[in-house]
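Heads up, the thing below is written out as structure tokens.
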Amino acid sequence: MNKLILFTSPTCIPCKMAKPIVYKEFQKYSADFTLSLVDAIENPDKADKYQVMSVPTLIAEVNDVEVDRLQNITEKSLTTFMEGVYARL
């Protein structure tokens, strides 16, 4: 299964700015990926499992293997990130 996992927190201003960018870009890839939103504060075990050190962090998994991660999410960086991840399918 191919997944995008977005780690955020409720008090994170960059997270609030990143969410709509991620949702918009996800629409292009929704046939090939699922998107999960994870609150790193409420789910510290999951954040630890993925070694998330800061939020927002977007992790891409292809066939349940992490292939890339992105922090400092902007429209341009996310487009480039997703093109690279999609090329690995």
Do [X] and [Y] belong to the same hydrophobic cluster, where Ile, Leu, Val, Met, Phe, Trp and Tyr are linked whenever their side-chain heavy atoms lie under 4.5 Å apart, directly or via other members?
X     : Y     : value
Val67 : Leu35 : yes
Leu70 : Val85 : yes
Ile59 : Ile41 : no
Tyr23 : Leu6  : yes

* Asked: More than 12 non-hydrogen atoms from neighbouring residues, nucleotides or ligands closer than 6.0 Å to CD on Gln27, yes or no?
  ->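 Above 12, so yes.
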Gap between atom [atom2] of [Y] and atom [atom1] of [X] - 0.5 Å precision:
X     : Y     : atom1 : atom2 : result
Phe7  : Lys46 : CZ    : NZ    : 6.0 Å
Asp48 : Met53 : CG    : CE    : 7.5 Å
Leu4  : Met82 : CG    : CE    : 4.5 Å
Tyr29 : Thr34 : OH    : OG1   : 15.5 Å
Asn43 : Leu37 : CG    : CG    : 10.0 Å
Ile73 : Lys19 : CD1   : NZ    : 11.0 Å

Strictly distance-based, threshold 3.5 Å: is any side-chain N or O of [X] a donor or acceptor partner for the main-chain N or O of [Y]?
X     : Y     : answer
Thr80 : Ser77 : no
Arg88 : Val62 : no
Asn2  : Asp32 : yes

* To do: Can you sort out the partners of Phe81 under ring pair (Phe, Tyr, Trp, His ring centres under 6.0 Å), two or more places apart, ordered by chain and number?
  =>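 For Phe81, no residue satisfies ring pair (Phe, Tyr, Trp, His ring centres under 6.0 Å) once neighbours in sequence are set aside.
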* Write out all pairs satisfying salt bridge (charged side-chain N to carboxylate O under 4.0 Å, His left out) with one or both partners inside residues 2-13, taking only residues at least two apart or from two chains. =>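 Every pair satisfying salt bridge (charged side-chain N to carboxylate O under 4.0 Å, His left out) with a residue in residues 2-13: Lys3-Glu61, Lys3-Asp64.
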Determine the minimum heavy-atom distance between [X] and [Y], stating which atoms define it.
X     : Y     : answer
Val55 : Cys12 : O-SG, 3.8 Å
Pro10 : Lys16 : O-CE, 3.1 Å
Cys15 : Ser9  : SG-N, 3.7 Å

* To do: Determine the sole option in Ile21, Leu78, Ile5 for which the side chain to side chain contact (heavy atoms under 4.5 Å, CB included) test with Leu58 is passed.
  =>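 Answer after filtering Ile21, Leu78, Ile5: Leu78.
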